[in-house]
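Here's the structure, in structure tokens; my notes come after.
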2 protein chains.
Amino acid sequence: MDAILDTEGKETSATHGAYRRLREMILTGELPPGQKLKIEQLRKLLNTGASPVREALSLLTSDMLVERIDQRGFKAAPVSKCNFEEILLLRCNLEETALRASIVNADATWEDRLVLRHHHMKRAGQNGSHDFEDAHKAFHLALLDNSKLPLLLRYCSQLYDLNIRYRYLAAGGSSYKKRNIAAEHQLIMDAAFDRDADAATRHLIDHYCRTGEYLSSQMGS
Amino acid sequence: MDAILDTEGKETSATHGAYRRLREMILTGELPPGQKLKIEQLRKLLNTGASPVREALSLLTSDMLVERIDQRGFKAAPVSKCNFEEILLLRCNLEETALRASIVNADATWEDRLVLRHHHMKRAGQNGSHDFEDAHKAFHLALLDNSKLPLLLRYCSQLYDLNIRYRYLAAGGSSYKKRNIAAEHQLIMDAAFDRDADAATRHLIDHYCRTGEYLSSQMGS
DNA sequence: ATGTCAAATAATATCGATATTCTTGGAGAT
DNA sequence: ATCTCCAAGAATATCGATATTATTTGACAT
């Protein structure tokens with residue numbers, strides 16, 4: 001049930017299918033923050049039983065995308081400027097740690113993975129928002145996953161998702177792209193290839209803080 | 001279902017009760033790492049239905065105390081030296097961030113809470129292991145919770161629990177106490193009272209690294 | 001003897017229904 | 001008019017049973 005990487009679109013179990021679908025709906029804002037999530041309602045919507053829905057919601061609780069109110073059901077996690085700023089803070093902290101560790105372990109296969117992810121992201125970026133978001137996440141996680149620190153990666157992945165939610169909520173998920181994101185990614189990757197941890201982390205954090213400022217300015221709702 | 005603070009021993013729902021009990025059993029090693037967790041078996045042990053057990057296990061998955069194998073049930077999370085070292089690394093990183101933020105927000109009510117927790121810990125330390133562990137965690141989280149960063153606190157609490165598990169596994173949970181732990185706690189707290197963030201974090205990290213070295217030396221199994 | 005396949009067994013995942021629990025709306029009292 | 005309390009309604013939490021899926025056992029062929 002890890003959110004780090006989906007090996008394939010195997011919707012084997014009903015629980016897993018419900019998990020993926022609900023996750024998507026919360027991330028994109030289709031289920032707005034703070035909304036009550038009624039079992040019966042979701043059961044019909046997802047065309048499945050109550051047990052898989054309950055279990056999927058329990059799983060999403062761990063991802064901090066759903067809150068459980070004891071004896072009173074579930075609701076989509078609320079949003080706030082405060083929460084957003086904490087996410088940004090933690091991401092900067094944790095991703096710096098992960099990126100530095102990745103660079104320490106740098107080798108040719110890692111570079112290959114990065115080049116590939118970067119290429120996929122550029123391709124996907126041309127058409128639409130959804131594929132791009134997936135590729136964007138894959139690229140960023142590829143930057144970090146050479147750290148070989150699974151717990152840290154899990155946290156980074158979780159925080160990434162919490163953050164992307166704000167992007168969708170603020171601007172439909174793609175309008176921030178007017179900035180030259182591609183160039184920023186290139187800078188990070190090049191620094192990683194040079195094994196220049198300081199430069200790489202600086203560019204990465206810049207990347208996040210700029211997006212952060214943009215989103216912060218859009219907030220208020 | 002937060003693990004940060006249990007307001008009271010309200011075992012309102014069967015799910016929550018199963019969660020608490022299973023969590024306890026995994027932390028203390030009563031359910032050993034890697035062990036298959038069969039629903040039927042736990043259902044009888046906890047004297048409840050299958051649904052609460054399943055849901056409790058889902059919740060524990062978020063805490064990284066249980067692993068889910070798709071379509072093949074659950075098992076207690078495995079342990080490894082690698083995992084232990086990552087936990088230590090992340091704790092040092094995250095708790096430093098949290099403690100510094102706590103000190104920035106320092107005020108009289110925080111000091112009061114600390115004094116109280118410290119006192120409770122000293123009292124509990126005299127009799128036995130279990131009460132002491134609870135008080136010890138409460139003290140450490142009290143050091144951090146003035147940061148007012150709920151996500152960060154959640155991670156710290158999670159990592160604390162993952163770590164305590166190694167303590168129980170390595171030494172039955174209390175033998176490391178021969179070191180003068182009380183003095184180390186006093187140092188951290190005093191530095192916090194002095195608003196000396198550098199000294200406080202130094203003492204805190206020392207505290208963890210010493211315990212870490214001790215446990216590392218005990219590992220191998 | 002060994003490897004492979006199929007049936008039997010055991011466990012999980014899911015469903016439908018019931019018992020609890022919370023919420024809402026209204027009647028009565030102050 | 002406002003507050004409190006009670007009853008009706010809605011939603012959750014839980015149970016017991018079934019269908020689905022993995023694992024093991026044993027027979028057969030090589």
Side-chain angles (χ1 to χ4, degrees), chain A residues 1-3 6-23 25-26 31-63 65-78, chain B residues 1-3 6-23 25-26 31-63 65-78:
Chain A
M1 210 57 46
D2 242 1
D6 301 299
T7 44
E8 250 294 89
K10 307 177 197 172
E11 289 210 6
T12 52
S13 64
T15 297
H16 196 247
Y19 172 77
R20 303 228 326 146
R21 183 86 187 89
L22 287 174
R23 178 192 192 77
M25 291 174 75
I26 292 171
L31 288 173
Q35 170 151 328
K36 184 78 201 299
L37 301 175
K38 302 185 187 178
I39 307 286
E40 184 64 13
Q41 181 184 307
L42 297 175
R43 194 199 62 70
K44 278 184 285 189
L45 182 67
L46 302 178
N47 212 44
T48 181
S51 307
V53 171
R54 280 190 72 78
E55 213 162 311
L57 289 173
S58 288
L59 260 3
L60 287 166
T61 295
S62 351
D63 298 341
L65 290 170
V66 164
E67 277 187 11
R68 169 178 214 139
I69 316 144
D70 202 66
Q71 224 83 12
R72 236 166 295 180
F74 302 87
K75 69 171 183 181
Chain B
M1 208 58 43
D2 242 359
D6 302 296
T7 45
E8 249 296 87
K10 306 178 197 169
E11 290 211 2
T12 53
S13 64
T15 297
H16 197 246
Y19 172 78
R20 303 227 328 145
R21 182 87 188 88
L22 287 174
R23 178 193 192 77
M25 291 173 76
I26 292 171
L31 288 173
Q35 170 151 328
K36 184 78 200 298
L37 301 175
K38 302 186 187 178
I39 307 285
E40 184 64 13
Q41 182 182 305
L42 297 175
R43 194 198 63 70
K44 278 184 285 188
L45 182 66
L46 302 179
N47 212 46
T48 183
S51 308
V53 171
R54 280 191 71 80
E55 214 162 311
L57 289 173
S58 288
L59 259 1
L60 287 165
T61 296
S62 351
D63 298 340
L65 290 170
V66 165
E67 277 186 11
R68 172 179 211 136
I69 317 142
D70 202 66
Q71 224 83 10
R72 236 167 296 181
F74 302 86
K75 71 172 183 181

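Residue numbering restarts at 1 for every chain, and letters A, B, ... go by the order of the sequence lines.
- Contact check, B/Thr48 against D/dT14: no side-chain N or O comes under 4.0 Å of OP1 or OP2.
- Between A/Lys38 atom NZ and D/dG9 atom P the separation is 17 Å, expressed in whole Å.
- No side-chain heavy atom of B/Leu22 sits under 4.5 Å from any side-chain heavy atom of B/Leu65.
- A/Leu57 places a side-chain heavy atom less than 4.5 Å from the side chain of A/Leu42.
- Atoms CG (B/Leu57) and P (C/dA11) sit 15 Å apart, rounded to a whole Å.
- Atom-to-atom, CD1 of B/Ile69 to P of D/dA22 comes out at 13 Å; the value is rounded to the nearest Å.
- Proximity of A/Met25 to A/Leu45: side-chain heavy atoms (C-beta onward) are separated by under 4.5 Å at one or more points.
- Contact between A/Leu46 and A/Ala18 at its shortest, heavy atoms only, is CD1-CB, 3.9 Å.
- In this model, the phosphate group of D/dA10 is not approached by any side-chain N or O of A/Lys36 to a distance below 4.0 Å at OP1 or OP2.
- Residues A/Ile26 and A/Asp63 are not in side-chain contact: their nearest non-hydrogen atoms beyond the backbone lie 4.5 Å or more apart.
- A close approach under 4.0 Å does not occur between any side-chain nitrogen or oxygen of B/Ser13 and OP1 or OP2 of D/dT12.
- Across all their heavy atoms, A/Phe74 and A/Ser58 have their closest contact at CE2-N, 4.3 Å.
- Closest approach to the B/Pro52 side chain among D/dA11, C/dA11, D/dT14 is made by D/dT14 (side chain taken as heavy atoms from C-beta onward).
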Any protein N or O atoms within reach of nucleotides 21-24 of chain C? Criterion: under 3.5 Å, listing atom names and distances.
residue	atom	partner	partner atom	Å
C/dT23	OP1	A/Arg72	NE	3.2
C/dT23	OP1	A/Arg72	NH1	3.0

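- Computed from coordinates, the B/Lys44 NZ to C/dT12 P distance equals 11 Å when rounded to whole Å.
- Per the geometry, CZ belonging to B/Arg43 stands 13 Å off P belonging to C/dA11, to the nearest Å.
- When rounded to the nearest whole Å, the span between CD1 of A/Ile39 and C1' of C/dC15 equals 14 Å.
- The distance between atom CZ of A/Phe74 and atom P of D/dT12, rounded to the nearest whole Å, is 9 Å.
- In this structure, the nucleotide among D/dG16, C/dA13, D/dT12 sitting nearest to the side chain of B/Ser51 is D/dG16.
- Within the nucleic acid shown, B/Leu37 comes within 4.0 Å of sugar-phosphate atoms alone, with no base atom in reach, counting heavy atoms only.
- Per the geometry, CD belonging to A/Gln41 stands 14 Å off C1' belonging to D/dT12, to the nearest Å.
- A salt bridge links A/Arg68 and B/Glu55; the closest N-O separation between the charged side-chain nitrogens and carboxylate oxygens is under 4.0 Å.
- Of all nucleotides listed (D/dA13, C/dT14, C/dA11), C/dT14 comes nearest to the side chain of B/Arg54.
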